[in-house]
Protein chains: 2
Amino acid sequence: MPSPDTVFDAHQSLGYAIKRAQQALRLRMDRQLKELGLTAPQYNVLCSLDAEPGASNARLARRAFVTPQTMQSMLVKLERAGLIERSPDAEHGRIQRTQLTEAGQDTLTKAHRCVHETEVIARNAASPDAAEMLLRVAEALS
Amino acid sequence: MPSPDTVFDAHQSLGYAIKRAQQALRLRMDRQLKELGLTAPQYNVLCSLDAEPGASNARLARRAFVTPQTMQSMLVKLERAGLIERSPDAEHGRIQRTQLTEAGQDTLTKAHRCVHETEVIARNAASPDAAEMLLRVAEALS
DNA sequence: GTTCTATTATCAGGCAACTGATATAGTATA
DNA sequence: TATACTATATCAGTTGCCTGATAATAGAAC
């Protein structure tokens, strides 16, 4: 990643700081997850499926605060990679139930270890109430 | 934007909080800038050009912490929209100097007013040292 | 003077987010 | 019962980010 030649004046805003932190976090997670063939958003989906097996596309989208279309395209990719499997609900004709495969479960376990390291680095640099404060900011902006 | 049906356990991490705050910030900025035909990243580019007229593609990319390719595609769009203009440097054959047009200057002034409102909302919900702390986190993760 | 390196610009392809549109299944209501 | 509404899934197109690759320019080293 390139680094700026000088400090930018208008970059004093809180909005800029939030963006920078998220960008750095995302890049580091992607680098670490790359060897598993996973991206940061894909890791999040696997986490959700681990916590709630059989969740539908719509349910997963709500959880991740993204649109159903966005989640749909991620699920297609994860299915092609063999990490999840989808099957129509027995009662509800339209719903597609989604589950981790064994390979998915495996990959998730390995990914947890990668991600934990990044979380620790971030926590050590942050104030103790940082997470709580940021969720408050997110709520205020919603 | 959808909202989750329940609270997610694994969502206690700092990484998740950073992502949520950035996502909410980005969505609000996009909504406000939409009437000007601008996105949040495009607004950032215009800000940089205002602070440093005649900057090159590579220079702008370093400033925004993105790759030259990413900046390139944004500049092409802004040029098509008539907000910036590019011309080859007189001495250095390869460099394309970029400047705000009058329309770009105009749009930027209007955008500043939109964005300020969002910044105030975020600051009111955040702790006083939030921006400084987040830049520290970004640095630690880089 | 040629080669090597650094910088710059750009093309092509991929992922993840969005909006808009379409189709279907289930539920509520006039 | 017919109609409308809600929820779900999925297609297509756009943006912003990435990596990889290509090409041109400027300056340094031999």
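Just so it is clear: chains get the letters A, B, ... in the order the sequence lines come, proteins before strands, and each one is counted from 1.
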Quiz item: Atom CG of A:N44 and atom P of C:dC15: how far apart are they, to the nearest Å?
Solution: 17 Å

Self-check item: Nearest-0.5 Å distance, CZ of residue A:R28 to OG1 of residue A:T118
Solution: 5.5 Å

Quiz item: Side chains of B:L14 and A:L134: closer than 4.5 Å at any heavy-atom pair?
Solution: yes

Self-check item: Nucleotide C:dA25, atom C1' - distance to CD of A:Q96 in whole Å
Solution: 13 Å

Quiz item: Rounded to the nearest Å, what distance is computed from the CD atom of residue B:Q23 to the C1' atom of nucleotide D:dT15?
Solution: 16 Å

Quiz item: Quick one: B:R26 CZ to C:dA16 P, roughly how many Å, whole number?
Solution: 16 Å

Practice problem: Name the nucleic acid region contacted by B:R86, choosing base, sugar-phosphate or nothing; use a 4.0 angstrom heavy-atom cut-off, strictly under. | Solution: sugar-phosphate

Practice problem: Run the salt-bridge test on B:R26 and B:D30 with the 4.0 Å N-O cut-off and return the result as yes or no. | Solution: yes

Exercise. Please confirm whether the backbone N or O of A:D129 pairs with a side-chain atom of A:E132, one donor and one acceptor, at under 3.5 Å?
Key: no

Self-check item: Any donor-acceptor N/O pair, B:E119 side chain to A:G15 backbone, under 3.5 Å
Solution: yes

Quiz item: For A:Q42 and C:dA16, is the shortest distance between a side-chain N/O and OP1 or OP2 below 4.0 Å?
Solution: yes

Quiz item: Are side-chain heavy atoms of B:R63 and B:E52 found at a separation under 4.5 Å?
Solution: yes

Self-check item: Rounded interatomic separation in angstrom, taking OH from B:Y43 and P from D:dG16
Solution: 16 Å

Quiz item: Hey, does the side chain of B:R31 come within less than 4.0 Å of C:dT19's phosphate (OP1/OP2), counting only N and O?
Solution: no

Quiz item: Hey, can you pull the residues of residues 69-83 of chain A with a non-hydrogen atom under 4.0 angstrom from DNA chain C?
Solution: A:Q69, A:T70, A:M74, A:K77

Practice problem: Using whole Å, report how far CZ of A:R62 lies from C1' of D:dA9. | Solution: 13 Å

Quiz item: Roughly how many Å is it from CD1 in B:I95 to C1' in D:dA26, rounded to a whole number?
Solution: 10 Å

Quiz item: So which one's nearest nucleotide on DNA chain D is more toward 5', B:A40 or A:K34?
Solution: B:A40

Quiz prompt | Residue whose closest nucleotide on DNA chain D lies nearer the 5' end, A:K19 versus A:A58 | solution = A:A58

Quiz item: Whole Å only: how far is the CG atom of A:N57 from the C1' atom of C:dA25?
Solution: 16 Å

Exercise. Output the single nucleotide from C:dT8, D:dT8, C:dT19 whose closest atom is nearest the side chain of A:S56.
Key: D:dT8

Quiz item: Do any N or O atoms from the side chain of B:T107 and from the backbone of B:A103 form a donor-acceptor pair under 3.5 angstrom?
Solution: yes

